[in-house]
Amino acid sequence: MFRIFFFIVAVVLVCAKEWTHYTKQNEIRDVVLMENGTLWAAFAWGLQERLTNKTVNTYMPGNNNLKAADFFQLFALPGDDIIAASKSGILVRKNKNSKNFEIINNSFAEKKRNLLQGLGKRAENILILPFEGAIAFFDYEQSRSVITLTQIGSSSLEEYEIKRVAVKNDSIWIDLGAFVWKRRMDWKEIHRDNFLADQNSWIEARDKKIPFDEEAKPPYTPSVSSDFPLQRARAISLHENNMIIWGIDDDADYFVRVRNDEWGWRFPANTSPFYDNQKDATSNSLALLPDGNFAMGRWGAGLLVFNNGFPEAQFTHWFHSRNTGNTCPTEWSNLADEGWTIVQGLVPAPDYSGYIFSYVSESKYGLGFVNNSGYSICVKPAEASSPVAFAIITRQREAGNWEIYATWKYSMDSKGGGVDFYLTPQNKFSPALQQKWTLPFDSPTDFAFDSKGVLWAVSESKIFYLSQKDDEWKEPSYIRGFGGGMISDLNTDAQNGLWVSTLGDGAYSFSQINNSPDSLIAKQYKIKDGLLNEIVYGIAIDTVKGKVYFAHDLGLSVYSTALVRSASGYMQGGSPKPVAYPNPFRPNVHSSVTINFISEKSSVYILDSSGKRVRLFRGKDLRGGAVVWDGKNESGKFVAPGLYYYIAADGKNTAKGKIIIER
């Protein structure tokens, strides 16, 4: 077997202009040496190529048309092309003279079988791919499957797992542990081999051995940079230039602070004397204030508050039933979990004077407030619908009162429940119940207000909103493009869009049709779209810089898009100067040119060198303060190479610039 190197460092790479990925999971899955001396290595996050001159090229989803990850196997081809196979069986190929990958087969992924790591072989133009419960033969030159077998000889591959595959000249051996089977093959005529599935065509090796050893894989050391310190990111909270990431490393949970794009250190998330199970919880109970102070509600250890220290924050206050100095909130009274204090609903107060939280209690759940000085008050409303409360959300009314929406469940193990709505004076925390909703679907796991003020919620499987007209919770009557999945988090952007993460199906963004919450269009983000991992726990959105952060099982992915930004201040004093990129724009290389930092209220004219209008953009074309031009005129034809001008005018301000188009 090849040598495995694991470094407590991270890979951080900008994959194209839209995606940046952070991960420390650098275990090598496979290594191959090409004829020209180039080394290729496979990782969970992608692929790495080391040339003979020591130059290293790293490929991750979102760049070079790589639409797969989680690679288990590499195949070196004659002529120095490379094929990589993912755990699910997706095959991608890169020609040595091309910058981009292409998918040559994804049909194996539909079978829902996992590839067995590092056991595949190549014989002539045939790839032998061992899966759990099957073995496939694939012709990579014709990009088609030859056959998939679930039995070798008299042995079922569902019963006996493949331990090794060996190929030498015209023979193949398959080691199943209890049996070793051998067969002669005519690799060039395999498509005409009508007896490949015939169990009698396979011969059992009586000595249960393959007559030669496996060739050793070449050693490889990953080329990495940066110090992303978490194996898995689980939650993100951000406010302007401050961000807190919570995640798991070495089976313990930690925080990482980011300030002004500078990364701080990893530090323990639970510094209280009470050990708990927060690392196994899926709820989002992390809240960050504008000054950088933050708090976390925990499954057992109550509420912990930290200051804004950088690169490492300091633990300042602990609120727990067993803390003799402050027993607010109270414990969840259960003999099996004595002393456990469960705080899983937590948000900043609407005026950022502290935090508002919910907690589980014996008879009725409680609501609490902690100010920035560490003073706390807890209330158990007599009208509360249940002992169990989780997600909450708040906002301030024009009159100054605070609205509090708290989700509740019938019991700790139940999914059913509803929402309780409270009002409290801003200067005296005393929540008074205003309304109860018992929902016909599962209890919410997260809330978010959109930019129009509509309150949205998600359960593990549904999206719904509070209809201000009907004063009831409703599912949208029409959602196009949403394939479902186990929902883990909800957030909203400055363009009235919704973002949802799932545990296994990536993430979705939703836009409203005709500004109606009752009709949504979904766009999915998976590995093929640039996301590094599809088990996504949390989403955070920077509506100033235009970035969407995804916390997932491999670390962190960041998607840069103008479509989530607030562009109200562009083309005004102090705002970024409009810019066009790439410039020069080469249509045979680039898909489009972007004119960025444009007022959404403007009209953008593209003019040729004579001043003739070529294209006009306005309205939705400028969503988020950027316009994307594909180099075509209003007739849909590519314009000629040369000098072009753009003019953006919103009635008060004007911005101008040049774009050079080259062939």
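Model, not experiment: these values are computed from the prediction. We count residues from 1, following the sequence as given.
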Does [X] have more than 12 heavy atoms from other residues, nucleotides or ligands lying within 6.0 Å of its [atom1]?
X	atom1	value
R663	CZ	yes
K545	NZ	yes
D213	CG	no
K279	NZ	yes

Would you call [X]-[Y] a salt bridge at under 4.0 Å N-O?
X	Y	result
E141	R93	yes
E132	R113	no
K24	D249	yes

* Mind running side chain to side chain donor-acceptor pair (under 3.5 Å) on Y559 and E18 for me, showing each step along the way? => CA-CA 5 Å; Y559 176 51; E18 290 89 6; over 6 Å; no
* Structure fact -> side-chain contact (heavy atoms from CB on, under 4.5 Å) with F101: of N95, I83, L66, only one passes, and it is L66
* **Note, W173 side chain near S171 side chain (heavy atom, < 4.5 Å)** =>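 Side chain of W173 against side chain of S171, heavy atoms only: contact under 4.5 Å found.
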* Quick one: are F43 and Q25 in side-chain contact, heavy atoms under 4.5 Å? ->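 No, side chains not in contact.
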* Would Y140 and N105 count as a side chain to side chain donor-acceptor pair (under 3.5 Å) if you check the C-alpha gap in whole Å, the side-chain angles of each, and the deciding distance to 0.1 Å? -> CA-CA 9 Å; Y140 64 81; N105 187 273; over 6 Å; no
* Parallel, tilted or perpendicular for F482 and Y508, by the 30°/60° rule? -> perpendicular
